> 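Can you keep this structure in mind? I'll have questions shortly.
The basis for the numbers below is simple: all heavy atoms, side chains too, and nothing from hydrogens, waters or symmetry mates. Quantities reported herein were computed from a predicted structural model and do not represent experimental measurements. Note on naming: letters A, B, ... go to the chains in the order of the sequence lines (proteins, then strands), and numbering restarts at 1 for each one.
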Amino acid sequence: MTTAIQVRKLTMVQAVTDALKTMLQEDESVIVLGEDVGKNGGVFRATEGLFDQFGEERVIDTPLAESGIVGTSIGLAINGFRPIAEMQFLGFIYPAFNQLMTHATRMRQRTMGRYTVPMVIRAPYGAGVKAPEIHSDSVEALFTQIPGLKVVIPSNAYDAKGLLIASIEDPDPVLFLEPMRSYRSFRTEVPEEKYTVELGKASYQKKGNDVTVLTWGAMVPDTMKAVEDFEKQQSASCEVIDLRTLYPLDKETIQESVEKTGRVVIVHEAPATGGMNAEIISVINDAAFFYLKAPVQKVTGFDTPVPVYSLEKEYLPSREKIIHAINQALSY
Amino acid sequence: MTTAIQVRKLTMVQAVTDALKTMLQEDESVIVLGEDVGKNGGVFRATEGLFDQFGEERVIDTPLAESGIVGTSIGLAINGFRPIAEMQFLGFIYPAFNQLMTHATRMRQRTMGRYTVPMVIRAPYGAGVKAPEIHSDSVEALFTQIPGLKVVIPSNAYDAKGLLIASIEDPDPVLFLEPMRSYRSFRTEVPEEKYTVELGKASYQKKGNDVTVLTWGAMVPDTMKAVEDFEKQQSASCEVIDLRTLYPLDKETIQESVEKTGRVVIVHEAPATGGMNAEIISVINDAAFFYLKAPVQKVTGFDTPVPVYSLEKEYLPSREKIIHAINQALSY
Amino acid sequence: MNMLEKFPITQYISEEGKTVHSEATDITADLVKLFYEKMLRARMMDKKCVNLQRQGRIGTYVPYEGQEAAQVGSALAVEKGDWMFPTYRDHAATMTFGHSLRNLLLYWVGRIEGGIPPEGKNIFPPAVPIASQLLHATGVAWAEKKKKTDRVSLVYFGDGATSEGDFHEGLNFASVFKVPVVFFNQNNGYAISVPMEKQMNSKTIAQKGLAYEIPSIRIDGNDIVAVYLETKKAVERARNGEGPTLIEAVTWRYGAHTTADDPSKYRDQAESDQRRTTGDPLLRLEKYMKNEGLWDEEWVTTMENKITNEINTALEEMQNYPDPSIDDVFENVFEKPTWTLDEQLKQHRSIKRGQMS
Amino acid sequence: MNMLEKFPITQYISEEGKTVHSEATDITADLVKLFYEKMLRARMMDKKCVNLQRQGRIGTYVPYEGQEAAQVGSALAVEKGDWMFPTYRDHAATMTFGHSLRNLLLYWVGRIEGGIPPEGKNIFPPAVPIASQLLHATGVAWAEKKKKTDRVSLVYFGDGATSEGDFHEGLNFASVFKVPVVFFNQNNGYAISVPMEKQMNSKTIAQKGLAYEIPSIRIDGNDIVAVYLETKKAVERARNGEGPTLIEAVTWRYGAHTTADDPSKYRDQAESDQRRTTGDPLLRLEKYMKNEGLWDEEWVTTMENKITNEINTALEEMQNYPDPSIDDVFENVFEKPTWTLDEQLKQHRSIKRGQMS
Ligand SMILES: Cc1ncc(C[n+]2csc(CCOP(=O)(O)OP(=O)(O)O)c2C)c(N)n1
Ligand SMILES: Cc1ncc(C[n+]2csc(CCOP(=O)(O)OP(=O)(O)O)c2C)c(N)n1
Ligand SMILES: [Mg+2]
Ligand SMILES: [Mg+2]
């Protein structure tokens, strides 16, 4: 007897809800908490319906205090639960920085494994949806340098569900960033059943031979479109890789591709300085230095705060900039 | 008539006090605030004597609350003062992360210059003094990716005074990190009078031809010693550069040196991933790619929390590791 | 200790528009008319913005309808030279204190200029990270104290904001250093979808002042006379060097948290609408004015016309405002841009101009 | 409201060792002897550590001498299965609750093992970032509530800790979710050099509970009977589902903040020493025992010898403990080390072995 796998076309935010529901159903210890995640179903509807289905003991509206949310989640995680804490926007995680930096990520080490913190912090992030100030920060690199934290970013609904479930099942803290610009902009097929996408593994969006383009999150569809346009005009072919996990990076995949192409473009929306581009270049320096034919090209945000929304289009990596960078990489 | 410049041999922490005193004397708007900075003179004696000399209106013991210290300093700075806020250790700045990230560094931009935040945050940092947990964090790279913030680290008493005065006079927020391992470990000559060391400029510790070694803070004397040992045994010569300001990096000096040597070693005590090594490699990628003869070598901490002190020596870059890295850089 | 008894809701004018407090008579007829005019102006502006948002002419908007008395009454209680610290919802306060309507509209189309007050008006850009502004208000007021002026800070925040650590640290610093700041809480019952009962276990916000020995009062935030007179007292205390005050103004927002929010998800909107007929701040003042013989339909119509014109002019100015420029972003990170910014701007411009190398 | 009157310092045994509270008689002779023994043990351990530090045999140490009643009395009020959240100064509490003396000593020589409690003892590693542990205690207790057990959290923090945002958020969460946690404040008058009057404008810490509707009490923290019985009441309330309690135990540290601190910089140490003859917790219990005819010099000597042996054994164990290994650091960042960690450890080992390529 074979069972047909049920598949639906979901948006990314629906896939997030689906993952949460799957895990709430499967594992009694999973709880969801945060500001407005309960009755209201989250400001982006990511937790829609969960409060009604699982009740207020498992889907919890908390007071408005991020340090409180992360700090109590640490206690809950150590004492048998798997909390999934929502930060309403990534730009509001900063008050919780101390709890994340000095406790969530150090407890296993401080107690040699006696106490562990299997928690997930979810947060929508990134610019491009005309949100107010602070709502559009893209500071993923801040977190990749916190020892003890994994950082995961899906770019589509399928990955969102599989990566989120893998994050929830991970025995250690995971920061799960959801590119809000991609929340509803397109759908992908998502199996109804439970599945995981392994953390730490990048995915080829497109194979190619001449330039490696590394990106993640909302930049993936943008990059794919720019690459398509580029390839229509030029004979060179691009390999596009969605990194998906930013800590730990998938060094093997990066290395494999760079050894083949010798040319690299990195696309991200965070500021240039200290952004992930630097860490990726550093990994390439270690792993594939002698294969590089040209300096790595970067398409990033500026070393400015993300501007208010009338200017966010100028801030975000554009089609032109991506194509320009690919051309640059090929020009050496 | 000539006036002889008075010069004294000071430790770095004395030079810090001297800079604070100089500026408190010169500029009525300068105030010093933080935990135990007043009557007690600071847990490292960095503010010794200032409370007695300038009184409690200018040298202020605050409640134990870092967000409170930075948040009120923002208000003080906008309304005419030049607050110098002390974080007792860098590892205790995290509760203030939100104020630093979303306000101190954005206010000028949010108001197109109407409100500005000329403040300095001082913090001792780094491992190697057998301090308890969290006291030894070296997370400078976290801050170099905050748009709107300069990050400065002196490695000796002369620079400490000059850079701190320059930081206080800077019209924008500066994070001034003091390597506590170097607070009292050696003395340098420090003029009694006021002087500044320009922010954003690296300093050559030693000229050389074959390898560029980039470092800062407490790693500068360690690196110099390792290089000395190395040069005794090998014919190659090293150029050692103290970067001093980590944002903005002194690209010109880095470029100049790398164009000459083609080989680079970076020494820092922060964790490898996301540490400043990545950003420096990224700058080299942009500025001197074709001059590089070997992958950049890194001597860094691990991707672990700074361990408790029985293991900190293993964590910190050692003489052996520095020499090994120099040899590696030369081996290609 | 029953906190509801210890902190009763102080009223000066009842919902029927009757004087219920002896000091209410200190209010002159001119002042009453000023109250009404400023509240009317605030409400008309709010309605306009909600409409503009529906038409897609401005972005997501944060309405304050229902909270006019709290915002206008308190804003009228401070003087030029004092400092105001609004949140994203306190435009009735800032426009009353002298903010430019054009800039407010610019704010809602995502323009930096929207955060900038007119010259001579000490207004901070709206604080978005909840409760962070309490510390700025405390710091700014502390600076005034150090400078030995008699200026004060007036800072707005919601019921939800009381849960953040910065609320606590702000009140503690203000209390320890006895700085001239008025903490003006608008308790509108909700932080987005979270009702006060889930936000805290205390029945009042005023009682939180007890932790810091900060004098606190709970007032009817829809009674502009109460708001004005009690804020004035707090401001006077601050000016006289008597330190901070915490005011809990109990109020209500009729509408959604923002135009992107659907309040029916978490509360009965019919009940909320019902309040328009009972607790409304403008209606109450209207009743009071009628009771006192101060109501004049013609005057109201004149006002409405004047305000309509003012808003339309501001809207026009907003629409004709020069295009935003990314240069403003680059130029205002530091006083002097770093090489990183210079290079990034240069590259950005070069690609925009299509001058690819 | 005069908070000193509202929150008087509850005493059960006066400084002269007299019963001053009717419930003090609930305490059996055995319990009194247990109190004395555990306080003596704590004091002897502390003195030993101060000496070891002076001799350079352990690192910077944080003494608690003077605070034994507060720590021992509260620690005896919880049961196995309950959770304890100490700071760097609360070793009298953790050793009374069952922590291992060897591990405590390992802590002071900078060993990871120092943070790990014996199997079956729910003790967190000492919190270093001030006030952060209040949230962990709340979260852990919340978990117990969700699991429908009757276990509680007992969390320690100082007067200075009340200024941090996490103090506020911890109390608010605990109150809103009514979790079984006892917030045990040791008000020793100082946060390093900063006296309570500069830390807060309130006269008591107990009054801070009013902001959250958390029952609060102010007790003589040097009166172990008061500490024990009042903590027990709070623990019972928590077990019965009645939620959190805030206890302010007024106490004093005789010595320096840490062995690296010089208290004469900020206070009169002669005055501090004077307290040894008046307010000392052990001395008070001794007087009480003498008054009650429970004092027995021989018993005390036996105890002292037993404790000396215990401490010396622990010291020996600490000194003979296997050398620290960097592997423990690498192995405990994640359950399964990432490639980054694997590579770094490999390289580290290879250089250490001198096997340079
Ligand atoms: C630090 C932070 N966390 C979360 C948010 C998202 N947020 C915006 S408004 C809001 C509710 C605020 O409620 P309240 O303080 O009562 O003010 P009101 O909106 O009712 O005026 C939340 C959670 C934020 N802006 N800042
Ligand atoms: C967040 C944070 N800031 C600063 C410090 C440095 N520090 C260590 S102990 C201490 C004073 C704590 O005082 P209190 O809470 O009264 O506890 P006590 O030391 O008196 O037991 C300070 C400021 C710290 N550990 N954590
Ligand atoms: Mg509200
Ligand atoms: Mg204390």
Side-chain angles (χ1 to χ4, degrees), chain C residues 1-7 129-132 134-135 138 159-179 181 183 185 191 194-218 242-246 248, chain D residues 1-7 129-132 134-135 138 159-179 181 183 185 191 194-218 242-246 248:
Chain C
M1 189 162 18
N2 184 324
M3 293 293 177
L4 289 172
E5 280 168 24
K6 181 162 168 49
F7 295 101
I130 299 293
S132 56
L134 276 76
L135 286 164
T138 297
D159 41 303
T162 64
S163 293
E164 287 281 4
D166 277 0
F167 162 81
H168 174 68
E169 299 187 17
L171 267 70
N172 192 45
F173 268 70
S175 175
V176 166
F177 296 106
K178 219 176 180 186
V179 309
V181 52
F183 294 106
N185 180 268
V194 179
M196 183 175 169
E197 314 84 73
K198 284 191 179 185
Q199 194 69 244
M200 64 196 80
N201 187 35
S202 59
K203 293 277 181 294
T204 75
I205 286 164
Q207 77 195 71
K208 293 178 189 290
L210 296 172
Y212 318 94
E213 297 277 350
I214 291 183
S216 307
I217 185 166
R218 195 160 195 245
E242 292 168 61
T245 304
L246 170 62
E248 175 186 359
Chain D
M1 190 160 20
N2 184 323
M3 293 294 175
L4 288 172
E5 281 167 24
K6 183 161 167 49
F7 294 101
I130 300 292
S132 55
L134 277 75
L135 287 163
T138 299
D159 41 303
T162 64
S163 293
E164 287 281 4
D166 275 1
F167 162 81
H168 174 69
E169 299 187 17
L171 267 69
N172 192 45
F173 268 69
S175 175
V176 166
F177 296 106
K178 220 177 179 185
V179 308
V181 53
F183 294 106
N185 180 268
V194 179
M196 184 177 170
E197 315 84 73
K198 284 191 178 186
Q199 194 69 242
M200 64 196 79
N201 187 35
S202 58
K203 293 277 180 294
T204 75
I205 284 163
Q207 77 195 71
K208 294 179 189 291
L210 296 173
Y212 318 93
E213 298 276 350
I214 291 183
S216 308
I217 185 166
R218 194 159 196 246
E242 292 167 61
T245 303
L246 170 62
E248 175 186 357

> Can you list the residues of residues 207-215 of chain C that sit under 4.5 Å from chain D, counting heavy atoms only?
C:Gln207, C:Lys208, C:Leu210, C:Ala211, C:Tyr212, C:Glu213

> What orientation do C:His168 and D:His168 show, parallel under 30°, tilted 30 to 60°, or perpendicular over 60°?
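C:His168 vs D:His168 ring planes: parallel.
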
> Pull out the residues in residues 171-179 of chain D that come under 4.5 Å of chain C, heavy atom to heavy atom, sorted by number.
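Answer by number: D:Asn172, D:Ser175, D:Val176.
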
> Please classify the contact of D:Glu164 with chain C as side chain, backbone, both or neither, using a heavy-atom distance under 4.5 Å.
both

> Assess whether atom NZ of C:Lys203 is packed by more than 12 heavy atoms of other residues, nucleotides or ligands within 6.0 Å.
no

> With only heavy atoms counted, which part of C:Thr162 is less than 4.5 Å from chain D, the side chain, the backbone, both or neither?
backbone

